[in-house]
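Each remark here refers to the structure printed beneath this line.
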Amino acid sequence: MYSQMVSEKLRGFGVSVGDRIRVAGKEGILMPKPETGDPDCIVMKLDNGYNIGLNYEEGIVIEKLEGRVELEKPEPREVKFDEKKPVVAIIMTGGTIASRVDYRTGGVVPAFSASDLVSAVPELAQIAQIRCKALMNVFSENIRPEHYKYMAGAVAEEISGGADGIVILHGTDTMHYTAAALSFILRGLPVPVVLVGAQRSSDRGSSDAAMNLLCGVSFAANADYSGVAVCMHGTLDDKFCHIHSGTRVRKMHTSRRDAFKSIDAKPIATVSYEDWKIEFSGEHAPRGDGELHPASGLETKVGLLKAYPGMTHEQIAFFRQNGYRGLVVEGTGLGHLPAKGDENSRENDLVFEELGKLIESGCLVVMTSQCIYGTVSMNVYSTGRDLQKKGVLSGEGMLPEVAYVKLMWLIGNYGPEKAKAMVAENIAGEILERRAVSADFEKGE
Amino acid sequence: MKIGIEIHQRLDSGKLFCSCPSIQAEGNGVSVYRRQRAVAGELGVVDPAAMQEFMRKRHFSYEAAPNSSCLVETDDEPPHGMDERALDIALEVCLLLKARVVDEVQVMRKTVIDGSNTGGFQRTAIVGMDGVLQTSRGEVGIPVICIEEESSGILGTEGGLSRFGLDRLGIPLIEIATDPTIVDGEHAQEVAEKLGMILRATGKVQRGIGTIRQDLNVSIEGGARVEIKGAQELKLIRRMVEIEVERQEGLIEINAEMKKRFGGEPKFKSEVLDLTGLFSSTESKLLKKVLGQGGRILGLRMENLKELVGKRVCEGRRFGTELSDYAKAEAGVGGIIHSDEDLAGYGIRDGEKTEIEKKLELGPRDAFVIVADEEEKARKALEAVRKRGAHFKEVPKETRRALPEGASAYMRPLPGSARLYPETDVPPVRVKSGRIDGIRERLPLMPEERLRHLEERLGKELAKKMFNSKEELVFELIVNTNQKVEPQIVAVTLQDTIVNLRREGTKVDGITVSHLQDLFVEYSKELFVKAAIPEILRYMSENVGSSCEEAVEKLGLRRVSGEELKKLIEEEGRDFGAIMKKHRLRVEAKEVKGILGH
């Protein structure tokens with residue numbers, strides 16, 4: 001945004017963004033001000049395509065010239081699909097993958113219709129008949145549990161409309177939360193539901209969006225699989241995507257295109273970019289012929305708290321005082337938090353005491369580990385045993401984010417009593433009975 | 001005639017948008033495999049140059065040398081803020097060229113999908129505008145000065161896979177573009193030389209092969225704008241302009257003839273035909289090799305082009321060469337064979353030629369072109385030849401690459417203007433007037449001023465020797481930090497003494513600038529006399545790390561002066577010649593003369 005002073009001056013000269021102007025001997029198109037930068041600098045696009053910033057100084061004259069520019073909208077193209085191909089419904093929720101760049105401003109604007117998508121990635125028509133639904137346009141950091149129900153509803157609608165597979169375009173920040181939520185909500189899911197995101201914006205030739213989308217659509221269309229999965233780059237190479245289980249996947253890197261990793265498990269499958277061929281890594285649930293019966297209750301009074309050396313009892317007290325019905329603790333190591341004090345650390349005793357009060361208030365407390373890899377085991381050390389005695393439930397090897405989503409879902413659908421018993425029950429692949437030996441656990445090898 | 005030059009010079013700073021050093025160091029790192037896609041440009045259309053690269057379906061692999069590339073280079077981490085030192089150097093060049101610095105630097109993305117940038121675009125920004133260069137033929141305008149990222153260097157191409165090194169990617173470049181007011185080839189060369197000198201005057205640009213590149217823009221009356229990329233040799237610039245002018249003139253002539261023959265609109269009615277069957281018993285080694293690898297031989301009739309395909313366009317090039325360039329660039333084939341050539345040279349018999357003509361239904365005024373390669377490539381090549389052949393309304397606008405002898409070859413169509421859009425990951429940089437003033441105060445002298453300044457201190461002869469020599473900067477550093485030392489002595493030491501020491505086999509490489517500063521500080525304190533400098537330097541070379549004072553003590557070269565000198569003269573007799581002969585390295589002749597009353 002331009003500063004109020006500049007905005008007023010621009011109005012005074014009768015010019016607005018998109019007008020061709022002359023300022024201080026330079027001609028060009030007046031551009032919108034990017035979010036960053038000095039709001040007193042006028043940005044104009046010169047005829048050579050470059051933008052420059054010129055400081056607005058008192059006395060400068062801005063002339064309006066002929067030749068206003070409006071951003072061209074690409075002509076929507078009529079797309080014909082091969083009726084013999086499977087039907088894939090693409091549901092757009094927002095994020096990098098479902099955006100395109102406004103080349104005039106550089107800003108990210110939401111896309112698309114089906115034809116937008118197919119004209120950007122024409123190979124889609126070789127794989128499936130594409131139907132597109134622009135459900136919402138939300139960056140994934142802004143997605144809230146309420147959105148999960150909305151997405152589940154859209155999936156149900158598309159399946160009853162005959163879709164052979166579903167692809168959900170989603171921002172990557174919280175994609176693994178959504179994947180977990182849909183894994184629990186979509187009971188009896190007969191087809192693949194694949195979440196696809198992108199780490200690099202689709203304006204650039206190197207964007208990962210097209211490859212992830214093509215591999216995701218291929219899996220949704222052709223895989224003999226039922227369940228929720230995430231499809232993202234397998235490595236830094238543009239060679240294949242990994243298909244991750246919706247409850248075993250986590251974003252492990254801020255910016256790399258292979259940011260998503262299956263934790264303590266192999267990816268379910270790989271999809272080659274070259275020929276979209278699917279290779280499963282092991283056993284998996286095949287497509288079903290049953291009825292989808294979503295269980296979309298979600299108790300939103302559930303919290304997620306990370307344990308750390310300086311944590312205080314007020315933090316725990318917050319959840320009791322505000323009527324929380326569930327809390328997932330991302331504990332240290334095998335599932336601990338600071339719970340025992342000496343003369344230097346009386347606060348630890350208070351933390352432990354508050355935890356007890358919280359549980360007595362009826363809040364379910366589930367322990368997971370910030371190690372991310374491996375399972376919690378609260379039997380090994382006295383702290384763990386004490387926590388169990390207080391009533392802290394073991395989250396087993398559940399990822400903290402998955403445990404958080406599961407606890408919302410359990411309480412929302414079954415009430416606290418039943419939920420308590422179901423925490424350690426494997427419902428959607430979130431709890432592994434065994435972890436295979438691998439030479440490098442991060443690589444899952 | 002319109003001629004303009006663009007200069008790209010690497011700056012001596014860290015990389016422009018990450019924290020890697022700007023060093024070219026290949027090495028064992030990770031190799032990343034990538035594909036790139038054509039993306040819609042700013043106005044919703046795909047840029048023609050970008051599209052062509054996409055159509056070639058190239059694959060890329062990037063070698064990430066660990067010391068000189070990071071996740072920013074592989075396009076797996078957002079860019080960091082712009083390198084401040086690089087921007088300062090660019091601002092300095094703007095001031096030297098009397099350009100107006102923009103108030104806010106806006107970083108743009110320039111679409112390039114030839115694979116040389118992992119992101120599919122190059123980051124670039126205008127820093128200054130409306131500069132001017134004084135030349136012997138008048139002023140040449142510098143409309144824009146940009147700062148941008150260097151691309152990654154190609155290591156090789158094999159079977160559609162191009163390998164690049166990421167060490168070069170992101171090194172800051174300054175781009176200086178002149179307006180098209182350059183008069184001729186000689187003038188172009190002068191402009192390039194002058195700009196090079198100004199850049200070196202900053203002392204903050206990289207030196208050596210590949211660190212500076214010149215691109216030429218040439219168009220003549222009735223011709224078209226042609227950009228010739230990658231002239232590395234300054235000496236060739238004049239020749240390049242001359243050859244390009246000749247080439248455009250040649251094409252204008254051919255176009256006129258084609259228009260006459262076709263009577264207006266160009267039209268090639270013929271189809272690409274498979275001629276493989278005609279060569280089942282060919283003796284042509286070239287064709288046999290292709291057939292042996294499962295390739296095909298395709299042909300195309302080109303109506304009305306007899307004797308035009310073989311017509312000379314400019315030095316060393318025929319119209320057929322131009323057609324061949326298109327086939328090579330757009331389809332990746334090795335070349336074409338056409339009917340205006342001596343086919344016997346390829347081992348193609350007259351009988352085979354007749355068969356080709358028959359199969360292609362050649363008329364008396366028609367020519368033909370054949371290509372032997374994989375079928376798809378050969379077909380694409382002939383389509384490119386047909387398209388280029390039919391393009392005779394005007395000289396095509398092209399990007400060409402410089403060839404070693406001053407000629408050039410077609411590379412790709414001239415990029416459209418829809419190539420730039422804002423880089424939103426890098427905030428704009430506000431250039432405050434205080435920053436400009438600070439740089440202005442430390443501005444180096446322009447080459448002419450520098451020479452004049454040297455002459456004032458060293459005289460014409462020595463100044464000429466010092467100007468642009470490797471030691472010039474060291475000289476200025478020593479003289480500017482030591483007001484007492486006579487510039488002449490410093491210059492002679494740098495230009496003669498050290499050279500002589502090296503010639504006699506002394507390893508002078510161990511002498512650093514600070515050693516020299518130390519030497520002249522002690523000299524101006526009169527610790528020793530001028531004649532002792534070579535001995536002291538020899539000692540310091542042979543005993544790396546020793547101080548000047550230590551050398552003087554060890555060699556016994558402390559200057560004898562004042563009362564001590566008077567005493568020495570009393571003792572040894574008042575013979576100037578004898579004193580100087582014996583104590584040349586410890587006494588100053590002037591002082592001895594003074595005492596002797598000469």
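Labels below follow one simple rule: chain letters A, B, ... track the order of the sequence lines, proteins then strands, and each chain is numbered from 1. Because the structure is predicted, anything quoted here is derived from the model rather than measured.
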Show every donor-acceptor pair shorter than 3.5 Å between a side-chain atom in residues 118-132 of chain B and any protein atom, with sequence neighbours excluded, or say none if there are none.
unit_1: T118(B); atom_1: OG1; unit_2: E73(B); atom_2: O; d: 2.5
unit_1: Q122(B); atom_1: NE2; unit_2: E148(B); atom_2: OE2; d: 3.4
unit_1: Q122(B); atom_1: NE2; unit_2: E149(B); atom_2: O; d: 2.9
unit_1: R123(B); atom_1: NE; unit_2: E423(B); atom_2: OE2; d: 2.6
unit_1: R123(B); atom_1: NH1; unit_2: E149(B); atom_2: OE2; d: 3.0
unit_1: T124(B); atom_1: OG1; unit_2: Y50(A); atom_2: OH; d: 2.7
unit_1: T124(B); atom_1: OG1; unit_2: E148(B); atom_2: OE1; d: 3.1
unit_1: D130(B); atom_1: OD1; unit_2: K26(A); atom_2: NZ; d: 3.1
unit_1: D130(B); atom_1: OD2; unit_2: K26(A); atom_2: NZ; d: 3.2

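The cationic atom of R35(B) (NZ for Lys, CZ for Arg) lies less than 6.0 Å from the six-membered ring centre of Y273(A) and within 45° of the ring axis.
Using a 4.5 Å cut-off between heavy atoms, E274(A) contacts chain B through its side chain alone, with no backbone atom that close. Of the two parts of R430(B), only the side chain, counted from C-beta on, holds a non-hydrogen atom closer than 4.5 Å to a non-hydrogen atom of chain A. Neither the backbone nor the side chain of A209(A) has a heavy atom closer than 4.5 Å to any heavy atom of chain B. Only the side chain of L46(A) comes within contact range of chain B, with at least one heavy atom under 4.5 Å from a heavy atom of that chain. The parts of R256(A) that come within reach of chain B are both its backbone and its side chain, each placing non-hydrogen atoms under 4.5 angstrom from that chain. Looking at V144(B), only its side chain comes within 4.5 Å of chain A, counting heavy atoms on both sides.
A distance of 12.0 Å separates CD in E227(B) from OG in S219(B), rounded to the nearest 0.5 Å. One finds the CD1 atom of I439(B) at 9.0 Å from the SG atom of C94(B) (value rounded to the nearest 0.5 Å).
Looking only at heavy-atom pairs under 4.5 Å with chain A, the residue among L71(B), V426(B), D76(B) that has the most is D76(B). Among V32(B), V102(B), T74(B), V30(B), the residue with the largest count of heavy-atom pairs under 4.5 Å with chain A is V32(B).
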Decide side-chain contact (heavy atoms from CB on, under 4.5 Å) for M175(A) and S140(A); before the verdict, give the C-alpha distance in whole Å, the side-chain angles of both, and the deciding distance to 0.1 Å.
CA-CA 7 Å; M175(A) 189 155 74; S140(A) 75; 5.8 Å; no
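For CD of E141(A), the number of neighbouring non-hydrogen atoms (other residues, nucleotides, ligands) closer than 6.0 Å is greater than 12.
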